[in-house]
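As the structure lists them, so they are numbered: ligands from 1, and atoms in each ligand from 1. Note that this is a predicted model, so its numbers are computed, not measured.
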Amino acid sequence: MSVASYKNRLLPWFIMLSLGLLSTDRIPAQEKRQLPEGDQCIICHQEEELLPPDFSENDVHLQQGLSCAGCHGGDPTKEDMDESMSPKAGFVGVPAKAQTPQFCGKCHSDINFMRAYQPRIATDQVSQFYTSVHGKKLQQGDPKVADCSSCHTAHAILSAKDPRSSVYALNVPATCQKCHSDKDYMKEYGISTTQYDEFVESVHGKALLENKDTGAPACNDCHGNHGAIPPGITSISHVCGTCHVNNMQYFATTKMAREFEKEDIHGCEECHGNHAVQKTFDDMVGVSDESVCMNCHGEGDEGYESAKQIRLSLGNLVAAYDSAAAKQTEVQRVGMDDVDIGFLLQESHQSLIQARTLVHTFDPVQVSGKTDEGIQKAREAHALALREIKDSKIRRMGFGVAALFATMLAVALFFKIREIERKQGG
Ligand code: HEC
Ligand code: HEC
Ligand code: HEC
Ligand code: HEC
Ligand code: HEC
Ligand code: HEC
Ligand code: HEC
Ligand code: HEC
Ligand code: HEC
């Protein structure tokens, strides 16, 4: 079969497939389920075109048969509007904003009710919420703070694991940003509105939003889902430390950490920031202009001396590593075996990574202990590389001698043959 006829056979399939993909609205077929049948609330609201604007068929409650009446009350079996939406049938209508937590909490704070559906879902959202700045202010009657539906929507509520959810990790920053980046909306509170913009440019924001790395923190990983409180002085290093375990452990043992606490200085934030955390580099420690240490320490004090020593140790390891790595490239170029050199370099690099974390002990002795290990490995790699390069030279010389010998042999043979030919011819 020719390529052209193959194409002709595939084309109709291709078109059908494309149309099929377009028509499924990008929702996988098996996820699209039916609305509850015979539910008069939905039937009438659909006919009257009075479905709420954020209505979605994918809402978890609808999917579990907890339809309009589950939240708003009323009798979904009655076709008549007055009967269906009668207070006698339990209809509560639209909750006032300040009532939303109880409105949702009717089920979500009821452990027995929730257990029947999804035992894994916690039942503390409402109590948690009231510990947050949002919850406290809502209780005091502030209508601008977030209530349950500000973050979850009211009619398109999905599990946080569903990529379409407003609280899916990758969508959380945009959900918070609606209010927190709105200068006019936030004006009266006198807090900054740059959290989102800074976050997007941060190492965390890039990992989360560009590389889709859900291991990187979204707003709620630092602030809590429902207890959206700015992490306090004592909890802040814990918040960062839930992911950066070693950094926190090293830092916690230092005198500096204790001093920070006394003076109400936030630990990690002081050197790394909070929303604008950036990729780190060795010159952040040391005595240059780029060093964070110089914000608080100056020539003559212990911090200054330690910063200088630590930077020196790191620099020595980097230099030893780079020089060995350059030799490895040479080994590769002459086609010799570089496997063991590679292993040694890996170990050396591992020491460098560990030394950078050990910076958080702010102790030159602990850092140089680790950098010395790395330098040792780099030196071994360097020595091995030199040996390989030398071997390759010897081998090449060997080849040269052999080649010369072979040529000489060939030449001798040539003359010998000619001599024989001449003898026979003559
Ligand atoms: C026969 C039609 C019909 C049925 C059945 C019906 N509704 Fe309605 N609903 C309406 C109309 C029309 C409105 C808007 C006019 C109004 O508020 O009276 C409305 C308004 C509402 C509102 C907004 C009320 C407000 O105060 O703004 C909610 C919430 C609501 N319906 C929920 C329900 C629920 C829950 C059910 C089922 C138990 C239900 N409806 C059944 C027609 C219906
Ligand atoms: C998970 C609970 C929940 C379910 C289920 C639910 N609602 Fe609502 N509904 C709310 C909340 C909370 C509000 C008020 C906040 C808002 O409008 O965002 C609301 C508001 C409304 C409003 C007023 C909208 C407006 O813009 O003023 C209408 C109408 C309504 N719901 C109808 C329905 C209908 C019809 C259904 C079933 C298809 C339904 N609701 C299912 C929680 C729910
Ligand atoms: C009638 C009881 C009821 C009410 C009222 C209710 N919920 Fe639910 N909700 C449930 C049940 C049951 C589930 C579990 C559904 C399932 O099995 O996936 C659920 C699931 C959820 C989930 C998904 C949890 C997950 O991780 O899978 C969220 C988020 C949620 N509800 C938020 C709300 C909010 C916000 C409100 C108020 C606007 C609300 N609910 C009102 C019963 C209710
Ligand atoms: C400031 C935004 C915000 C507010 C306000 C908020 N939530 Fe959430 N909620 C979240 C986020 C973010 C998650 C997802 C957490 C995760 O990634 O697992 C979540 C998760 C949930 C879940 C499912 C996960 C679980 O097991 O806890 C439920 C149920 C829920 N919220 C209900 C509520 C209710 C009820 C309210 C009101 C009392 C509320 N939420 C208020 C942001 C919010
Ligand atoms: C409906 C708008 C709205 C949404 C959505 C919202 N917030 Fe808020 N938030 C507010 C308002 C208003 C305040 C009160 C500001 C104040 O009193 O300083 C606040 C306060 C806060 C505070 C305390 C600030 C302080 O005073 O120190 C934090 C932290 C916070 N929000 C985080 C979040 C996070 C994280 C999200 C998303 C998961 C979020 N918010 C979603 C409106 C919102
Ligand atoms: C890596 C952790 C982390 C992440 C991610 C994070 N925050 Fe923060 N946030 C903090 C810390 C730490 C503070 C400062 C607490 C303090 O100084 O009391 C803070 C403070 C705030 C405040 C109080 C006002 C201010 O700027 O000091 C708001 C509002 C806030 N964050 C919202 C957000 C929003 C919205 C997002 C997502 C776009 C977000 N945060 C992401 C750690 C984080
Ligand atoms: C939910 C886990 C999590 C939390 C909480 C968290 N981080 Fe991170 N952090 C990460 C991940 C993942 C990366 C790597 C991002 C990347 O580059 O891919 C990272 C990267 C970093 C980096 C850059 C490291 C480098 O190689 O240069 C610094 C600095 C940092 N975080 C500091 C903090 C601080 C300070 C806090 C608290 C305010 C914090 N982190 C909270 C997960 C977290
Ligand atoms: C006094 C300043 C200072 C404090 C406080 C501080 N760091 Fe660092 N951090 C640094 C410096 C300097 C570097 C760069 C080290 C290097 O690259 O040589 C760094 C590097 C990092 C890195 C990247 C290297 C690695 O270990 O992977 C992370 C992540 C990090 N810090 C997290 C934290 C966390 C979490 C806290 C709070 C527990 C914290 N830092 C507190 C100064 C500080
Ligand atoms: C936000 C200010 C601040 C920054 C930034 C800072 N320090 Fe400190 N440092 C202090 C304070 C406060 C103390 C305790 C008072 C003192 O002993 O001088 C301290 C103490 C020290 C000590 C003495 C600890 C002891 O056990 O006696 C060393 C060493 C040190 N810092 C190293 C560093 C290094 C290295 C950096 C940069 C990576 C750095 N510091 C960045 C404020 C800071």
Side-chain angles (χ1 to χ4, degrees), residues 35-36 39 41-46 48 50-57 59-62 64 66-72 74 76 85 92-97 99-101 103-104 106-108 147-150 152-157 203 236-260 262-263 265-272 277 279-287 290-297 301-311 313-315 318 352-364 367:
L35 288 172
D39 187 307
C41 320
I42 298 180
I43 294 172
C44 180
H45 276 260
Q46 217 160 15
E48 302 282 327
L50 279 171
L51 283 175
D54 60 346
F55 176 82
S56 161
E57 293 180 7
D59 180 282
V60 281
H61 303 98
L62 278 185
Q64 293 299 323
L66 295 164
S67 177
C68 323
C71 283
H72 292 287
M85 296 200 291
V92 293
V94 178
K97 187 173 167 106
Q99 297 308 314
T100 312
F103 184 82
C104 308
K106 179 176 73 175
C107 303
H108 280 285
D147 65 40
C148 316
S149 57
S150 318
H152 289 286
T153 80
H155 303 103
I157 298 176
V203 62
I236 173 62
S237 39
H238 292 294
V239 167
C240 309
T242 52
C243 300
H244 303 289
V245 179
N246 290 335
N247 302 68
M248 184 188 74
Q249 272 171 0
Y250 294 145
F251 180 54
T253 61
T254 64
K255 186 177 165 194
M256 206 152 74
R258 290 192 294 277
E259 289 297 322
F260 279 15
K262 262 193 253 164
E263 296 180 29
I265 299 174
H266 295 280
C268 324
E269 210 187 328
E270 199 56 41
C271 296
H272 294 292
V277 173
K279 190 132 196 71
T280 56
F281 48 93
D282 290 341
D283 277 337
M284 276 176 71
V285 58
V287 295
E290 287 182 283
S291 162
V292 291
C293 317
M294 295 304 104
N295 293 342
C296 305
H297 293 288
D301 74 11
E302 199 184 331
Y304 184 95
E305 283 311 314
S306 303
K308 200 165 143 187
Q309 286 304 319
I310 290 171
R311 181 67 188 86
S313 299
L314 291 169
V318 171
L352 180 58
I353 290 173
Q354 288 168 3
R356 284 174 175 152
T357 306
L358 275 167
V359 165
H360 297 82
T361 60
F362 308 109
D363 176 3
V367 175

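- Under 4.0 Å from ligand 2, the heavy atoms of Pro52 that appear belong solely to its side chain.
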Check the pair Glu269, Cys240 against side-chain contact (heavy atoms from CB on, under 4.5 Å), reporting the backbone distance first and the verdict last. CA-CA 9 Å; Glu269 210 187 328; Cys240 309; over 6 Å; no

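- Residues Gln99 and Asp147 are not in side-chain contact: their nearest non-hydrogen atoms beyond the backbone lie 4.5 Å or more apart.
- At a threshold of 4.5 Å between non-hydrogen side-chain atoms, the residues Ser291 and His297 do not count as touching.
- At the top of the distance list for atom 26 (O) of ligand 2, counting protein heavy atoms only, stands Pro53 CD, 4.2 Å.
- Atoms OG and CG, on Ser306 and Asp301 in that order, are 8.5 Å from each other to the nearest 0.5 Å.
- Between the side chains of Asp54 and His155, at least one donor N or O lies within less than 3.5 Å of an accepting N or O.
- If you number the atoms of ligand 9 from 1 as listed, the ones under 4.0 Å from a heavy atom of Glu270 come out as 1 (C).
- From Lys262, atom NZ reaches atom CD of Glu259 across 4.0 Å, with rounding to the nearest 0.5 Å.
- Looking only at heavy atoms of the protein, atom 29 (C) of ligand 2 is closest to Leu50 O, 4.2 Å.
- Atom 8 (Fe) of ligand 8 has His360 among its coordinating residues (N/O/S atom, backbone or side chain, under 2.8 Å).
- In this structure the side chain of Met284 never reaches within 4.5 angstrom of the side chain of Arg356, judged on heavy atoms.
- Side-chain contact between Arg311 and Val287 is absent, with no heavy-atom pair separated by less than 4.5 Å.
- Note on His155: counted as a metal contact of atom 8 (Fe) of ligand 2, an N/O/S atom lying under 2.8 Å.
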Determine whether Phe281 and Glu290 satisfy the following criterion, side-chain contact (heavy atoms from CB on, under 4.5 Å), listing intermediate values before the conclusion. CA-CA 10 Å; Phe281 48 93; Glu290 287 182 283; 3.8 Å; yes

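- Of all atoms in ligand 8, listed by their number and element, those nearer than 4.0 Å to a heavy atom of Phe281 are 14 (C), 16 (C), 17 (O).
- Counting heavy atoms from C-beta outward, Val359 and Thr280 have side chains that stay 4.5 Å or more apart.
- Protein N/O/S atoms closer than 2.8 Å to atom 8 (Fe) of ligand 9: Met256 SD, His297 NE2.
- With a cut-off of 2.8 Å, atom 8 (Fe) of ligand 2 has no N, O or S atom of Cys71 in range.
- For the atom pair CD (Gln46) and CD (Glu48), the distance works out to 11.5 Å, reported to the nearest 0.5 Å.
- Considering every non-hydrogen atom in both Lys106 and Cys71, the closest pair reads NZ-O, 3.7 Å.
- Shortest contact from atom 34 (C) of ligand 2 to any protein heavy atom: Cys68 SG, 3.5 Å.
- Counting atoms of ligand 9 from 1 in the listed order, those under 4.0 Å from a heavy atom of Val292 are 5 (C).
- A distance-only check finds a donor-acceptor pair linking the side chain of His72 to the backbone of Gly93 [under 3.5 Å].
- When each atom of ligand 8 is checked for a heavy atom of Gly267 under 4.0 Å away, the hits are 5 (C).
- Protein heavy atom nearest atom 14 (C) of ligand 2, with residue, atom name and distance: Val94 CG1, 3.7 Å.
- Of the N or O atoms in His72, one or more lie within a sub-3.5 Å distance of an N or O in ligand 2.
- Within 4.0 Å of atom 39 (C) of ligand 9, at least one protein heavy atom is present.
- Side-chain contact between Tyr250 and Phe362 is absent, with no heavy-atom pair separated by less than 4.5 Å.
- Contact of the Leu62 side chain with the Phe55 side chain is registered, since non-hydrogen atoms from C-beta on lie closer than 4.5 Å.
- Of the polar atoms of Thr357, at least one N or O is found under 3.5 Å from an N or O of ligand 8, judged by distance alone.
- Taking a distance limit of 4.0 Å, we find that atom 18 (O) of ligand 9 is approached by no protein heavy atom.
- The SG atom of Cys68 sits 9.5 Å away from atom CG of Asp59, with the distance rounded to the nearest 0.5 Å.
- Residue contacts with ligand 8 for Leu314 involve side-chain atoms from C-beta outward but no N, CA, C or O (heavy atoms, distance under 4.0 Å).
- Residues Asp39 and Ser67 have side chains that bring a donor and an acceptor to within less than 3.5 angstrom of each other.
- Using a 4.0 Å cut-off to heavy atoms of Val285, the atoms of ligand 8 that qualify are 12 (C).
- Heavy-atom proximity to Cys240, at under 4.0 Å, picks out these atoms of ligand 8: 35 (C).
- Not close to ligand 2: Cys41, with no non-hydrogen atom less than 4.0 angstrom away.
- Between atom 37 (C) of ligand 8 and the options Gly286, Ala307, Gly241, Cys268, the minimum heavy-atom separation is to Cys268.
- Evaluated for a side chain to side chain contact (heavy atoms under 4.5 Å, CB included) with His360, the options Val367, Asn247, Asn246 yield exactly one hit, Asn247.
- Of the protein's heavy atoms, Ser149 OG, 4.0 Å lies nearest to atom 15 (C) of ligand 2.
- Looking only at protein heavy atoms, the nearest one to atom 27 (O) of ligand 9 is Lys255 CD, 3.4 Å.
- There is a protein heavy atom less than 4.0 angstrom from atom 5 (C) of ligand 2.
- Among Cys271, Ala257, Ala355, the residue whose heavy atom sits closest to atom 42 (C) of ligand 8 is Cys271.
- The shortest distance between side-chain heavy atoms of Glu270 and Met256 does not fall below 4.5 Å.
- Looking only at protein heavy atoms, the nearest one to atom 11 (C) of ligand 2 is Ala154 CB, 3.6 Å.
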